[in-house]
Amino acid sequence: MELKPTKPLSGFIELTPVQQRCFDTCVERMRGVLNTAGYTRLDLPAIERAEVLTDKDNWDEIETQMFLFQKGDTKMGLRYDGTVGLSRYIAGHLNDLVFPFRAYQFARNYRGERPQRGRYREFYQMDIDILGLESLSTNYDAEIVATLSRMYDSISDIVGRVKIKVGNRRFWNAMFEYLKLTDEQSRAAFVLIDKKDKLKDFLPALIDAVGEKSANEINDVFTNGYWSFINKSVNLKSAVSEMDDFMRLLKSMGIENAEIDVSIMRGHSYYTGVVFEFFSVDYPWLPAVGGGGRYENLASKFSKTKIVGVGASIGVSRLLVALMEENKIDMGRFENPIVAAVLPMGNSSVPFAMGVVNKLRAKNITAVAYLDAEKKFKNQIEYADKIKAKFSLIIGEDEVKSKEISVKDMATGEQQKLSVADTVKLLKTVY
RNA sequence: GCGGAUGUAGCUCAGUUGGUUAGAGCGUCGGUUUGUGGUACCGAAUGUCGCCAGUUCGAAUCUGGUCAUCCGCCCCA
């Protein structure tokens, strides 16, 4: 009989037990930061109506980018980020929520693109958002970045440090308006600026798109700094001060690893103001490990109430899985936390052994029993060794009779006979 | 959708200019006397050499196709 494949589909992730514990540890710490910062967890559906996921009605075109399918007449798809579902949720629960509303989602997201290093088809994202009705101060932009930064800090001993690059869509909108670019030119310039770092011939391409005069002015932003444009127009002045205020606030919250980089644009078209990306300092080959920005109108298709938000997400899978695959994380600390392996020698010892296991667990001591009790003792102690148990509790006929357990310290090999109560006491004091 | 690379044991890979029964390490299982692991020694199992066709006396090896995986691009809503 032909065997079926054991590998998951390309772009899907499976972790080993030790990797999973590492992953869970990071997630737990980040959630701790969010809890302290007053965020509520939302767990939204993985599948949304296709019309919720996209405005385009070109089914074939978007099918290559998203996981889409159809049941009966309902077209649906797997979510590709947390923001779209959140907007729908907020719009549908306006009466149930208090604004400004802080929410986070830790969930799997799906993209139909070709997988490559650091890009998966199924991956975890930690999305955090602050939403307001009608308006939301840009002060929240800084707060969300600060929170995100603290989340990274909480796991920096595992994944290294990050730096933050901050851009602003308003700045460019004001810039394009000042340069009197057409919509088409603006879009072209937007894309080029977004890819600036990848392009060798940025300026020539830009000249091609918007003309020499405008191209040179745009390029001046990068050579002379965005500040030199502060007095060119009212909107430019406002955008530049917004960026400065933002940086000042970040500093006041102790965030020192952020810098303005106006070439940061981000792909999602729904951003309208500040945009930011987080990059790994220690592993610069990683793509952005998190990012986000402000969006003013994302929920407009769900509600007539204006919902304004600033949101961000951490690519948890990207951050962790890539590093684990490259062996950049010391996994020793995520080893199995089992304290006691209880080894009954023969089925006649099992009842007593089970009783011991129960007592240990009741005292919050992690214990497992090897219940193939008729197997050779060698197998049992090997098992205890493999799961890296701190102690083996050996229970044979003698021990059952005397009610004393042979307690073996697996690291030193030392062994002593103790009553059940003394065993509990020992394990309790050591761990 | 485009380009490059790679498909050999559960995993990582080696297989010389095509030449007998296809190899290693790790892992797994068994053993090195009966209630003691980590290191050591001995032994065992496991492969349609990705799939299909072609060239040849003979193909893991060469050719064509196909599929899959990885890397990069496009894209990133």
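Worth knowing before you read on, the calculation uses all heavy atoms, side chains too, and leaves out hydrogens, waters and symmetry mates. Chain letters run A, B, ... following the sequence lines, proteins first and then strands; every chain starts at 1.
Spacing between B:A24 and B:U46 at atom P, rounded to whole Å, works out to 14 Å. A gap of 37 Å separates the P atoms of B:C2 and B:G58, to the nearest Å. The gap from the C1' atom of B:G15 to that of B:U21 amounts to 16 Å, rounded to the nearest Å. Between B:G54 and B:G43, the two P atoms lie 43 Å apart (nearest whole Å). Between the C1' atoms of B:A59 and B:A53, the separation comes to 13 Å (whole Å). Taking atom P on both nucleotides, B:A60 is separated from B:U20 by 10 Å, rounded to a whole Å. Taking the C1' atom of each, B:U61 and B:C49 are spaced 10 Å apart, rounded to whole Å. Spacing between B:U55 and B:G64 at atom P, rounded to whole Å, works out to 15 Å.
For A:Asn379, whose side chain is taken as the heavy atoms from C-beta onward, the closest listed nucleotide among B:G30, B:C70, B:C76 is B:G30.
Under the 4.5 Å side-chain criterion, counting only non-hydrogen atoms from C-beta, A:Leu131 is not in contact with A:Pro100.
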Go through A:Tyr178 and A:Glu217 one step at a time and tell me if the side chain to side chain donor-acceptor pair (under 3.5 Å) criterion holds. CA-CA 10 Å; A:Tyr178 155 71; A:Glu217 290 225 56; 3.3 Å; yes

If you apply the rule salt bridge (charged side-chain N to carboxylate O under 4.0 Å, His left out), what do you find for A:Asp422 with A:Lys428, and how did you get there? CA-CA 10 Å; A:Asp422 286 342; A:Lys428 202 69 190 165; over 6 Å; no

Can you check side chain to side chain donor-acceptor pair (under 3.5 Å) on A:Arg170 and A:Ser238, steps first, answer last? CA-CA 9 Å; A:Arg170 279 189 63 207; A:Ser238 153; 2.5 Å; yes

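If you take NZ of A:Lys375 and C1' of B:C29, they are 10 Å apart, rounded to a whole angstrom. We find that CG of A:Asp194 is positioned 11 Å from P of B:C74, with the value rounded to whole Å. Atom P of nucleotide B:C67 and atom CG of A:Leu9 are separated by 17 Å, given to the nearest angstrom. Between A:Glu113 atom CD and B:G72 atom P the separation is 12 Å, expressed in whole Å. Atom CG in A:Leu192 sits roughly 12 Å away from atom P in B:C74 (whole-Å rounding). Protein atom CZ of A:Arg117 is 11 Å distant from nucleotide atom P of B:C73, rounded to whole Å.
Around CD of A:Glu397, the count of heavy atoms belonging to other residues, nucleotides or ligands within 6.0 Å does not exceed 12. Applying the 6.0 Å contact sphere to CZ of A:Arg161 captures no more than 12 heavy atoms from other residues, nucleotides or ligands.
If you run side chain to side chain contact (heavy atoms under 4.5 Å, CB included) between A:Leu206 and each of A:Leu192, A:Asp201, A:Asn216, only A:Leu192 comes through. Considering A:Lys417, A:Glu399, A:Gln416 in turn, A:Glu399 is the only one that fulfils the side chain to side chain donor-acceptor pair (under 3.5 Å) rule with A:Ser406. Across A:Tyr39, A:Tyr295, A:Tyr140, a single residue satisfies side chain to side chain donor-acceptor pair (under 3.5 Å) together with A:Asp129, and that is A:Tyr295.
For RNA chain B, each stem of at least three Watson-Crick or G-U pairs (distances under 3.5 Å) is given as range with range: B:1-7 with B:67-73, B:10-13 with B:23-26, B:28-32 with B:40-44, B:50-54 with B:62-66.
With the nearest nucleotide of RNA chain B identified for both A:Arg121 and A:Arg111, A:Arg121 has the one nearer the 5' end. Nearest-nucleotide positions on RNA chain B for A:Pro8 and A:Tyr80 put A:Pro8 closer to the 5' end.
A sub-4.0 Å separation between OP1 or OP2 of B:C73 and a side-chain N or O of A:Gln116 is present. Taking side-chain N and O atoms only, A:Thr6 has no distance below 4.0 Å to OP1 or OP2 of B:G10.
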What does the B/S/- profile of nucleotides 33-41 of chain B look like, 5' to 3', with a 4.0 Å heavy-atom cutoff to protein? --BBBB---

Could you go over nucleotides 1-9 of chain B and give all protein N or O partners under 3.5 Å, atom names and distances?
{"from": "B:C2", "atom 1": "N4", "to": "A:Arg114", "atom 2": "NH1", "distance (Å)": "3.3"}

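Aromatic rings from A:Phe278 and A:Tyr152 are positioned such that their centres are separated by under 6.0 Å.
Between A:Arg29 and A:Asp153 no salt bridge is recorded (no basic side-chain N to carboxylate O distance below 4.0 Å).
A:Ser313 and A:Gln125 share a donor-acceptor pair across their side chains, judged by distance under 3.5 Å alone.
Using a 4.0 Å heavy-atom distance criterion, A:Lys195 is classed as a sugar-phosphate-only contact. Among the protein residues, A:Arg119 comes within range of the nucleic acid bases, having at least one heavy atom under 4.0 Å from a base atom.
Relative ring orientation between A:Tyr110 and A:Phe67 is described as perpendicular, the plane-to-plane angle rising above 60° on a 0-90° scale split at 30° and 60°.
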